[in-house]
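What follows is a short report on a single structure.
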Amino acid sequence: MTSPARHLSKCAEGVRSFNHTSRSAAKDWEFPSHSYSAIGNLSQLVGTLDQALWQATYPVRRTYEHGRVRIDNGGDADKKVAELLAAYEDASRAASALTEAVQRMHNATSPMGLDTTGLPGFGD
């Protein structure tokens, strides 16, 4: 069985691969419809970030509820968990804003296409 964290590692690897392969034009990476598809996939990805962020805190929250979180060098567990949850709230707001912006990008590319007028191989 794959650990939950490994799924996120695979996702990061996929985004890194996209960044590498999309750096130059290729037969399957040159038209507005290609951007539309990629941005649609990104929209789906970022739309799931808030849930993933919250669920990533589950092991800490569960351990904390049982009074079992220990902080290195005798640190304060209450303070660190509060810091984690405050950071989650910030990340959640940012994820919502990112989701909204990427959805707008996807909507903007929706009507775009290639003007084939005068291009060889295309009928006028």
Side-chain angles (χ1 to χ4, degrees):
M1 181 171 160
T2 303
S3 76
R6 180 66 185 133
H7 289 293
L8 294 175
S9 178
K10 288 179 183 179
C11 181
E13 289 171 19
V15 171
R16 189 172 32 256
S17 292
F18 168 81
N19 289 343
H20 177 74
T21 61
S22 63
R23 290 170 65 164
S24 60
K27 185 177 179 180
D28 61 349
W29 192 246
E30 58 186 332
F31 302 122
S33 61
H34 298 138
S35 288
Y36 177 76
S37 295
I39 294 168
N41 290 331
L42 285 168
S43 180
Q44 182 180 9
L45 174 68
V46 300
T48 62
L49 285 179
D50 184 50
Q51 180 179 357
L53 289 164
W54 180 245
Q55 287 179 206
T57 69
Y58 175 75
V60 171
R61 291 182 290 115
R62 181 177 173 277
T63 304
Y64 179 74
E65 289 168 0
H66 290 95
R68 304 298 295 174
V69 170
R70 187 179 132 218
I71 307 300
D72 291 346
N73 299 319
D76 184 344
D78 294 336
K79 183 177 178 181
K80 280 297 183 188
V81 171
E83 181 182 332
L84 169 67
L85 296 177
Y88 161 74
E89 291 298 327
D90 291 344
S92 177
R93 283 189 291 279
S96 293
L98 179 61
T99 296
E100 182 181 318
V102 175
Q103 287 172 345
R104 288 193 336 261
M105 290 173 67
H106 193 232
N107 291 340
T109 57
S110 177
M112 296 179 186
L114 174 66
D115 180 359
T116 60
T117 306
L119 290 178
F122 292 93
D124 287 331

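The basis for the numbers below is simple: all heavy atoms, side chains too, and nothing from hydrogens, waters or symmetry mates.
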Would you say the side chain of [Y] lies within less than 4.5 Å of the side chain of [X], judging by non-hydrogen atoms?
X: L49; Y: V46; answer: yes
X: K10; Y: R6; answer: yes
X: L114; Y: E30; answer: no
X: L45; Y: C11; answer: yes

What distance separates [X] [atom1] from [Y] [atom2], expressed to the nearest 0.5 Å?
X: L53; Y: D90; atom1: CG; atom2: CG; answer: 11.0 Å
X: R68; Y: T63; atom1: CZ; atom2: OG1; answer: 9.5 Å
X: S92; Y: L85; atom1: OG; atom2: CG; answer: 12.0 Å
X: S35; Y: M105; atom1: OG; atom2: CE; answer: 8.0 Å
X: N107; Y: Y36; atom1: CG; atom2: OH; answer: 7.5 Å
X: L98; Y: S43; atom1: CG; atom2: OG; answer: 9.0 Å

Can you hop from [X] to [Y] via hydrophobic side chains spaced under 4.5 Å?
X: V102; Y: F18; answer: no
X: F31; Y: L119; answer: yes
X: I71; Y: V81; answer: yes

Does the T57 side chain pair with the main chain of W54, one donor and one acceptor, at a distance under 3.5 Å? yes
Quick check: does any side chain N or O of H66 sit under 3.5 Å from a backbone N or O of R62, one acting as donor and the other as acceptor? yes
Using 4.0 Å as the upper bound for N to carboxylate O, is an ion pair formed by R104 and E100? yes
Can L84 and R61 be said to form a side-chain contact (heavy atoms from CB on, under 4.5 Å), step by step? CA-CA 10 Å; L84 169 67; R61 291 182 290 115; 5.6 Å; no
How about CD on Q51, more than 12 heavy atoms from neighbouring residues, nucleotides or ligands closer than 6.0 Å, or not? no
Evaluate the criterion side-chain contact (heavy atoms from CB on, under 4.5 Å) for residue pair D78 and Y64; output intermediate values, then yes/no. CA-CA 8 Å; D78 294 336; Y64 179 74; 2.5 Å; yes
So which heavy atom on P32 is nearest to which on G113, and how close? CG-O, 3.5 Å
